[in-house]
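Shown next, in C-alpha cells, is the structure this report addresses.
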Amino acid sequence: MTDKVVIITGGSRGIGRAAALKVAARGYKVVVGYASNEAAANEVVAAIEATNGKAIAVKCDVGSEADILALFKAADAFGPLGALVNNAGIVGPSIRVEDMTAERINRMMTVNVTGSMLCAREAVKRMSTKHGAKGGVIVNLSSVAAKLGSPNTYVDYAASKGAIDSFTVGLAQEVAAEGIRVVGIRPGLIDTEIHASGGEPDRAHRLAHNVPMKRVGTADEIANAIVWLLSDEASYITSSILDVSGGR
Ligand code: NAP
C-alpha cells in the first residue's frame, strides 16, 4: 500500500479507467484526467471512493499547456506526486498519408506527443531528487503501431507513438540517477472505445485474427502491466518498453 498521488491522463475511459481502478486498489490517490466526458470521470471517482479509495477528477485536454498546468496544480493540492501515467491519446479516421491535412497531423502530434512530454516535464519537476523530491515513475502509453507503421490507416498516429518510444528512452536516461523510472507500454489491439472514435467500432475484433494469440486484449490486461511497472516490483526497470499485444 502507498499514499502516493498518481496522475492518469485520460483516466475516464478505456485503459486509463482500468488503470485508475487498479492503482487505487493498491492505495494510490488517483487524479483522473479527462478531456470532455465529465460523467465518465465522475463515475471512476465514485467507483474508487466506493471501495474507500481516494480520487479526484480534473478536466485536462493534454493538447492545452494551460490545462496541463491546471491538472498538476490540482494534483499538488491532493498530495506529493509519486507517478504519472501518460495515457491520453487519440486516433483519427483511417486515411492514406497523401490525404492528410496539416490540421489533422498537428492535432495528433500535439495531443499524443507534446501533451505527454509536457506532462512528463511537470512530473519531473515534482518527483526528481534533483528538486528535493523522492523520485517516482512515469509510464508512457505507446502502441505496437510504432513498430507496424499503420499503413493505409493512421500513419500519423503510428509516428506519434514512435516519438513516444524515443521520448521514453531519452527521458529515462536523463533522470535515471534522480530516482525517476520512465517506462513505456505498447498495447496491441485492445477492446476500448478508441476504435469507435476513429470511425470503426469493430476494428479490434475485425483484425483479431492477425494477432498470434487470435484475440483482442482487454483494458484490464494493459492496466495490469501499468500497475506492475509503477510498483517496486519493477524497481530495476527503466528505459524499457513492454509489448502487451498477444504477440502482435
Ligand atoms: P479511449 O478508450 O478512447 O479513451 C481515451 C481516454 O483519453 C478518455 O479518458 C478520454 O477522455 C481521454 N482523452 C482523449 N483525448 C484527450 C485529450 N486531448 N486530452 C486528455 N484526455 C483525452 O482510449 P484507450 O483505447 O483507452 O487508449 C489509451 C491509450 O492507449 C492511448 O494513448 C492509445 O493511443 C493507447 N493505445 C490503445 C490501443 C487500443 O487498441 N485501445 C492500442 C495501442 C495503444 P474523455 O472520456 O473525456 O473523452
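Note: hydrogens, waters and symmetry copies are ignored here, and every other heavy atom, side chains too, is used. Indexing begins at 1, ligand by ligand and atom by atom, following the structure's order. None of the values given here were measured: they were computed from a predicted structure. For reference, positions follow the sequence shown, starting with 1.
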### Task
Measure the distance from atom 41 (N) of ligand 1 to every protein heavy atom, then report the residue, atom name and distance (to 0.1 Å) of the closest one.
T192 OG1, 3.1 Å
### Query
Just by modelled atom types, is the V124 backbone N or O under 3.5 Å from a matching donor or acceptor in the S128 side chain?
no
### Message
One pair to check against salt bridge (charged side-chain N to carboxylate O under 4.0 Å, His left out): D76 and R126. What are the steps and the verdict?
### Response
CA-CA 9 Å; D76 288 342; R126 287 160 174 82; 2.8 Å; yes
### atom 29 (C) of ligand 1: the protein heavy-atom neighbour that sits closest, reported with distance to 0.1 Å
N87 O, 3.1 Å
### Query
Should you measure from each heavy atom of G10, which atoms of ligand 1 turn up under 4.0 Å away?
6 (C), 7 (O), 9 (O), 12 (C)
### Task
Say whether S142 and ligand 1 are in contact under the criterion: heavy-atom distance to a ligand atom below 4.0 Å.
yes
### salt bridge (charged side-chain N to carboxylate O under 4.0 Å, His left out) evaluation trace for E43 with R13
CA-CA 10 Å; E43 185 273 330; R13 291 183 294 116; over 6 Å; no
### Query
Less than 4.0 Å between a side-chain N and a carboxylate O, is that true for D165 and R186?
yes
### Query
Quick one: do E193 and R17 make a salt bridge, cutoff under 4.0 Å?
no
### Query
Looking only at atom types and distance, does a side-chain atom of T192 sit under 3.5 Å from a main-chain N or O of G14, one as donor and one as acceptor?
no
### Task
Among all protein heavy atoms, pick the one closest to atom 9 (O) of ligand 1 and tell me residue, atom and distance.
S12 OG, 2.6 Å
### Message
With respect to S197, determine whether any N or O atom, backbone or side chain, lies less than 3.5 Å from an N or O atom of ligand 1.
### Response
no
### Summary
closest protein heavy atom to atom 18 (N) of ligand 1 is D61 OD1, 2.9 Å
### Query
Near Y157, which atoms of ligand 1 are under 4.0 Å from a heavy atom of that residue?
33 (C), 34 (O), 35 (C), 36 (N), 43 (C), 44 (C)
### Task
Using a strict 4.0 Å threshold on nitrogen-to-oxygen distance, state whether R104 and D156 make a salt bridge.
yes
### Message
Which option wins on minimum heavy-atom distance to atom 42 (C) of ligand 1: S143, G188, A196?
### Response
G188
### Query
Any idea which protein heavy atom is nearest atom 4 (O) of ligand 1, and the distance to it?
R13 O, 3.9 Å
#### Entry: Interfacing atoms of ligand 1 (cut-off 4.0 Å, heavy-atom, R107)
18 (N)
#### Entry: Which residue and heavy atom of the protein sit nearest atom 15 (N) of ligand 1, plus the separation
I90 CG2, 3.5 Å
### Message
Under 4.0 Å from a heavy atom of C60: which atoms of ligand 1 are those, numbered in the order shown and with their elements?
### Response
19 (N), 20 (C), 21 (N)
### Query
For ligand 1, is H195 a contact, meaning one of its heavy atoms is under 4.0 Å away?
yes
### Task
State whether the side chain of D243 and the backbone N or O of S245 hold a donor-acceptor pair below 3.5 Å, judged by distance alone.
no
### Message
Could you check whether any side-chain N or O of N140 sits under 3.5 Å from a backbone N or O of I164, counting only pairs where one atom can act as donor and the other as acceptor?
### Response
no
### Message
Minimum distance, heavy atoms only, to atom 40 (O) of ligand 1: which one of I15, I190, V244 is it?
### Response
I190
### Summary
Here the atoms of ligand 1 under 4.0 Å from any heavy atom belonging to V111 are 18 (N)
### Message
Which residues pass the salt bridge (charged side-chain N to carboxylate O under 4.0 Å, His left out) test with E200, not counting sequence neighbours?
### Response
R206
### Query
Just distances here: any N/O of L189 and N/O of ligand 1 closer than 3.5 Å?
no
### Message
Checking a contact table here: which protein heavy atom is nearest atom 21 (N) of ligand 1, and how many Å away?
### Response
A88 CB, 3.4 Å
### Task
Test side chain to side chain contact (heavy atoms under 4.5 Å, CB included) on D202 and H195 and set out the steps.
CA-CA 7 Å; D202 295 334; H195 309 289; over 6 Å; no
### Task
Run the contact test for E38 against ligand 1 with a 4.0 Å cut-off on heavy atoms, strictly below, and give the result.
no
### Query
Going by the atom numbers of ligand 1, which of them fall below 4.0 Å from some non-hydrogen atom of G89?
31 (C), 32 (O)
### Summary
Numbered in order shown, the ligand 1 atoms found under 4.0 Å of a heavy atom of N37 are 45 (P), 46 (O), 47 (O)
#### Entry: Identity and separation of the nearest protein heavy atom to atom 19 (N) of ligand 1
V62 N, 2.9 Å
